Amino acid sequence: MAGNTTRADSKPVPTLNETYNGAPPRLQDEATEKRDKLAAMRTLPKNIQRKRGLQPPPGMTADVFLAAIDELRAELKDTDNTLIQVNGSGIDLVDGWYLDRPATTHDAFHIADPEALVSSASIYPRSTADVQTIVRWANRHLTKSGDRVRGIPLYPISLGRNLGYGGAAPRVPGGVVLDLGRNMHQILDLDGANASCVVEPGVSYFALYEAVQKLNNTKAHHPLWIDTPDLGGGSVLGNAVDRGVGYTPYGDHFGNHCGMEVVLPDGSLLRTGMGALPGPPNGTDNSETDNPAWQSFQHSFGPSIDGLFSQSSMGIVTKMGFQLMPAPPAHQSYCLTFPNEDDFSTIVEVIRPLAQRGVVGNIPQLRHVVQELNITGKPKSLFRGGDTANTSPLTSDEIHAAAKQLPLGDCAWVFYGTQYGTEQSTKDQIAEIEAAFKAVIPGTRLFLPKDVDPSHYLHDRALVCSGVPALRELDWLTWVPNGAHLFFSPIAPTRGKDAETLHNLIKQLHVEYGFDLFPSLCVAGREMHYISNIVYDRGDADAKQRAVRLMRAMIAACAAHGFGEYRTHLLFADQVARTYSWGGQALLKFHETVKDAFDPNGVLAPGRNGVWPRSYRGEGWELGVDDLSLDIIKPKAAKL
Ligand code: ADP
């Protein structure tokens with residue numbers, strides 16, 4: 001597989017004017033440069049040829065599957081063959097890069113054989129009605145063995161840029177990927193007065209940002225912000241249903257949603273929130289209207305069910321409402337540096353009361369100084385005197401020697417924050433925060449964007465923390481050739497002692513398995529998301545195997561101390577789900593009960609987040625702490 005170097009693509013990256021999932025024109029040059037840089041560092045071939053040909057859904061022969069596909073094509077009236085692609089021989093596995101149309105054939109950031117998680121077909125519905133047709137079709141084509149009955153497994157994605165958590169790959173090899181974004185990417189409503197929007201799955205943060213700017217330019221309403229995660233190419237809807245986060249006060253994406261339209265696993269349609277109550281009939285033709293309060297009030301009447309559609313396999317979300325933040329009069333980003341490694345727990349202790357009292361304006365990020373190195377976009381070898389061996393992490397001496405040369409100078413930790421309010425109030429808040437740290441951590445230093453070179457990351461942080469989607473975080477990937485990453489994301493209380501315990505566990509295991517530790521802690525008043533990003537070389541089988549072992553070991557070790565992940569890659573979801581074992585696995589049992597009631601044929605994303613439908617349970621699909629070889633994903637005791 002290794003060998004021919006991929007040459008840089010000479011064409012500029014397409015923009016949003018050309019394609020729904022393109023780069024905003026303002027970032028076209030930066031995107032093109034990043035794509036070409038990553039391509040130049042790729043030693044794997046651009047196209048990876050399949051060894052195994054078409055992998056149909058489990059228990060189904062290729063002929064039966066292809067006949068079912070023909071039937072669906074006819075039903076969808078796909079006369080020009082644009083709505084379904086069968087991913088068999090002749091369709092190579094192309095990892096592509098972040099802003100390409102997502103690779104719906106496999107996980108572009110493969111952590112095992114690229115063919116481990118392949119899809120059998122990709123389907124591109126044009127409408128909610130198409131999605132319903134596809135779900136009903138999946139329920140009609142059943143495989144049976146004993147009392148097990150199951151339909152065709154569908155894996156819905158919006159833009160599929162969930163890289164580091166499984167990308168656009170289905171959990172069950174041979175599953176059918178429903179690529180909702182390709183033909184469903186309209187902003188259905190942008191309401192300046194209510195400060196809200198309704199989007200289809202294929203609307204990226206880039207696209208929503210551009211539309212909100214246009215609205216703001218009309219000056220008809222108070223200007224609005226969107227909230228964006230670190231990278232702006234993801235789906236607004238997809239990120240929210242996966243409970244992703246951003247960095248303005250509206251950073252809890254699922255928390256700030258307001259109303260969903262969902263296709264259930266039997267093909268029926270549901271609206272959550274006030275959308276469950278029809279609006280008054282349209283005055284002109286008496287047609288149905290949306291409830292006027294759908295994007296105003298998140299709940300409806302009776303038990304709340306919205307959460308059932310986040311990180312779940314209970315429904316396919318085809319429309320989703322979000323509330324948008326009124327732009328504050330002023331905002332100011334800054335960073336504070338701290339000199340010593342063991343300042344860590346004190347930093348956390350200082351943040352807690354400041355965050356609880358709302359003095360800290362957003363969810364700040366606390367990063368180790370090693371991340372000042374990788375965010376330069378320079379390869380690790382450069383900080384190692386040109387040595388390309390990647391089997392050991394940079395030493396503390398190497399990190400500090402390199403940090404000395406960078407704009408923030410030598411330090412151990414960097415706190416990136418943003419304040420919102422008036423110019424005066426942001427100034428006062430920053431002064432209060434700086435004083436609180438300086439009182440207990442001698443050597444604390446404050447930097448504002450004006451204090452650092454325009455290429456410094458603080459400027460990109462200032463964009464993201466004011467709702468301007470960016471691409472800077474792609475620079476991590478140039479750390480090693482064929483760069484890919486895998487997230488490990490446990491939650492801990494915002495307490496110095498817990499932070500230290502968690503950090504030490506993770507640090508020691510990174511050393512053991514030979515990876516640099518890149519911790520970013522998103523620290524709120526009561527909890528912290530500890531996000532460790534394992535950057536590995538997709539062309540290095542040993543590095544991939546070590547990454548798998550590291551993930552397995554961290555999940556187990558952290559759970560033993562009470563720390564659980566908020567989100568994980570597809571292949572680690574079973575292990576994570578089973579760490580939430582309180583009350584004899586009461587939570588998982590509840591999830592399974594709901595799944596069985598909603599989806600008796602197990603058609604919708606079987607195995608997602610560790611929840612297997614009845615027709616898969618007991619066959620050994622679950623992957624646990626001992627499943628270290630992930631090159632072939634198959635049930636351990638398959639009967640079908
Ligand atoms: P992004 O492009 O924002 O990273 P994805 O489209 O990859 O987001 O979505 C993240 C995950 O959320 C997917 O892997 C899938 O499991 C789930 N998901 C995405 N879109 C939907 C949807 N419309 N309905 C149900 N689940 C979805």
Side-chain angles (χ1 to χ4, degrees), residues 20-21 96 98-104 106-109 117 119 122-125 127-128 130-132 134-135 153-172 175-185 198-208 226-246 253-254 257 260-265 269-270 272 306-322 469 473 485 487 567-571 573 598-599 603-611:
Y20 72 99
N21 59 4
Y98 179 68
L99 281 182
D100 278 340
R101 196 157 262 165
T104 52
H106 68 300
D107 179 7
F109 279 8
L117 283 183
S119 61
S122 310
I123 307 183
Y124 313 108
S127 61
T128 299
D130 275 359
V131 176
Q132 291 180 277
I134 296 161
V135 171
L154 300 172
Y155 195 81
I157 56 141
S158 288
L159 276 168
R161 289 174 176 156
N162 207 20
L163 298 164
Y165 289 117
R171 169 62 176 87
V172 169
V176 170
V177 171
L178 268 196
D179 179 349
L180 297 155
R182 184 180 290 202
N183 294 317
M184 297 171 71
H185 47 257
V198 179
V199 294
E200 287 191 319
V203 175
S204 68
Y205 290 97
F206 286 142
L208 183 61
I226 68 161
D227 186 277
T228 174
D230 294 290
L231 287 168
S235 154
V236 175
L237 187 160
N239 184 280
V241 295
D242 212 22
R243 296 208 289 269
V245 294
H253 292 165
F254 192 74
H257 94 275
M260 284 181 276
E261 185 172 279
V262 189
V263 176
L264 297 177
L269 200 57
L270 171 86
T272 65
D306 294 45
L308 280 178
F309 304 108
S310 77
Q311 291 196 356
S312 96
S313 53
M314 313 297 178
I316 300 173
V317 185
T318 53
K319 287 179 191 160
M320 195 161 177
F322 292 94
E473 302 280 337
H485 61 69
F487 291 115
R567 191 177 178 193
T568 197
H569 184 283
L570 281 183
L571 290 175
F598 270 42
D599 189 8
V603 296
L604 202 52
R608 176 156 159 67
N609 281 87
V611 180

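These numbers come from a predicted model, not from an experiment. Ligands are counted one by one from 1 in listed order, and the atoms in each one are counted from 1 as well.
Counting protein heavy atoms only, atom 23 (N) of ligand 1 is closest to V317 O, 2.8 Å.
Residue contact check: L159 has heavy atoms under 4.0 Å from atoms 2 (O), 6 (O) of ligand 1.
Annotation: cation-pi pair R161/Y98 present, NZ/CZ under 6.0 Å from the ring centroid and within 45° of its normal.
Of the candidates V241, L178, I316, the one placing a heavy atom closest to atom 27 (C) of ligand 1 is V241. Remark: among candidates V177, N162, V131, the nearest residue to atom 7 (O) of ligand 1 is N162, based on non-hydrogen atoms.
Results of the side-chain contact (heavy atoms from CB on, under 4.5 Å) test with F254 over D306, V245, N239, D242 single out D306 as the only residue that passes.
Within the 4.0 Å heavy-atom cutoff, G160 counts among the residues contacting ligand 1. Heavy atoms of F309 stay at 4.0 angstrom or farther from ligand 1. The shell of residues lying under 4.0 angstrom from ligand 1, judged by heavy atoms, includes G315. The closest approach between A168 and ligand 1 stays at or above 4.0 Å for every heavy atom of the residue.
Residue L163 does not touch ligand 1, judged by heavy-atom distances below 4.0 Å. Looking at L237 against ligand 1, only its side chain comes within 4.0 Å, counting heavy atoms.
At under 3.5 Å, not a single nitrogen or oxygen of D242, backbone or side chain, sits near a nitrogen or oxygen of ligand 1. Ligand 1 has a nitrogen or oxygen under 3.5 angstrom from a nitrogen or oxygen of R608.
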